[in-house]
Amino acid sequence: MTGKAKPKKHTAKEIAAKVDAATTNRGGGKAGLADRSGVEKGGHAKYECPLCKTTAPDIKSMQIHHDARHPKVPFDETKLANLHATHTADPAKPRPGVRGSFKR
């Protein structure tokens, strides 16, 4: 136990947690927005609404979106655009949400 005047030192666990937080892609910021949008790499968004071009990761989310935003138009699963089928992933670019960092 340290005295009142002595500052506590950082533990190895705390330092490891800071390094992990700094080097793991959590999906936030501009890079995360590009990942989620599905524009360049396919991203997290698999399906695209044919009416408003909003993207969703799965059929259930797209159905919820459709019921909320387009209640007068009947939901048709066959009209949805599958972005993962149309985009081919470039192996040189990092995948969305993959752990790791360029700074080492």
Side-chain angles (χ1 to χ4, degrees):
M1 186 151 331
T2 59
K4 290 183 181 177
K6 286 187 174 180
K8 292 184 178 179
K9 300 200 180 208
H10 295 285
T11 63
K13 181 179 177 183
E14 183 183 355
I15 292 171
K18 285 183 179 183
V19 169
D20 180 54
T23 58
T24 303
N25 182 359
R26 302 285 181 202
K30 289 184 180 179
L33 180 66
D35 286 344
R36 291 188 303 274
S37 67
V39 175
E40 202 172 297
K41 302 178 242 182
H44 299 282
K46 184 172 182 180
Y47 296 103
E48 184 179 58
C49 179
L51 302 171
C52 63
K53 304 299 182 197
T54 300
T55 56
D58 56 4
I59 295 283
K60 185 70 176 172
S61 298
M62 183 53 71
Q63 188 171 8
I64 292 169
H65 157 78
H66 195 277
D67 292 342
R69 302 288 179 208
H70 318 291
K72 295 181 181 178
V73 181
F75 180 70
D76 188 11
E77 204 174 297
T78 59
K79 291 183 180 179
L80 298 177
N82 187 346
L83 297 177
H84 286 189
T86 58
H87 290 294
T88 55
D90 187 11
K93 293 185 179 178
R95 292 161 140 190
V98 174
R99 182 184 168 141
S101 172
F102 294 118
K103 62 177 192 177
R104 297 240 187 239

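Here the structure is a predicted model, which means the values were calculated and not measured.
- Considering every non-hydrogen atom in both Leu80 and Met62, the closest pair reads CD2-CG, 3.6 Å.
- Summarising the geometry, atom CG belonging to Asn82 is positioned 8.0 Å from atom CD1 belonging to Ile59; distances are rounded to the nearest 0.5 Å.
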Just list the side-chain donor-acceptor pairs under 3.5 Å for residues 68-79, sequence neighbours left out, or say none.
unit_1, atom_1, unit_2, atom_2, d
His70, NE2, His65, NE2, 3.4
Asp76, OD1, Thr78, N, 3.4
Asp76, OD1, Thr78, OG1, 3.0
Asp76, OD2, Thr78, OG1, 3.0

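- Expressed to the nearest 0.5 Å, how far NZ of Lys13 lies from CG of Asp20 amounts to 12.5 Å.
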